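Everything on this sheet refers to the single structure shown next.
This chain uses plain numbering: 1 for the first residue, then up along the sequence. On a predicted model such as this, the values are computed, not experimentally measured, just so you know.
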Amino acid sequence: MHSFWPIIPFFWSLFWVAIVALAITARRKGWWGPRHAHAPASPTAEAERILAERYARGEMSEDEYFEKVSVLKGWTS
């Protein structure tokens, strides 16, 4: 009678390779993994980001930064 024990580890390895390949494919195609909600950005989001970067670099004072952000957002003083 022939024993199948040398073949079982081969198929077990093949099974795990298939699982990993499936996981990689699912991740790349977006079937699995973190979902990023694509919320619509405000029309002034890019300008606000630029102002924040300039403020962080010290190119404008705190008062100037808040004044420009309030103008962008339409706030009244």
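Applying the salt bridge (charged side-chain N to carboxylate O under 4.0 Å, His left out) test to Lys29 and every residue at least two apart in sequence or in another chain returns nothing. Partners of Thr25 according to the side chain to side chain donor-acceptor pair (under 3.5 Å) rule, which considers only residues two or more places apart in sequence or in another chain, do not exist here. In terms of the side chain to side chain donor-acceptor pair (under 3.5 Å) criterion, residue partners of Arg49 (sequence neighbours excluded) are, by chain and number, Glu46, Glu53. Checked against side chain to side chain contact (heavy atoms under 4.5 Å, CB included), Ala47 has the following partners two or more places apart in sequence or in another chain: Leu72. Shown here are the ring-ring contact (aromatic ring centres under 6.0 Å, His included) partners of Tyr65, two or more places apart in sequence or in another chain: Tyr55. Take Arg28 and apply the side chain to side chain donor-acceptor pair (under 3.5 Å) test, not counting sequence neighbours, and it matches no residue. For Glu59, the salt bridge (charged side-chain N to carboxylate O under 4.0 Å, His left out) criterion is met by Arg54, Arg57, not counting sequence neighbours. Annotation: side chain to side chain donor-acceptor pair (under 3.5 Å) contacts of Glu64 (sequence neighbours excluded): none.
Its side chain within the 4.5 Å cluster rule, Val20 clusters with Ile24 among the Ile, Leu, Val, Met, Phe, Trp and Tyr residues. Its side chain within the 4.5 Å cluster rule, Trp16 clusters with Trp12, Phe15, Ile19 among the Ile, Leu, Val, Met, Phe, Trp and Tyr residues. Other members of the cluster containing Val17 do not exist, because no ILVMFWY side chain is joined to it at under 4.5 Å.
In this structure, Leu51 CG and Glu67 CD are separated by 11.0 Å, a value rounded to the nearest 0.5 Å.
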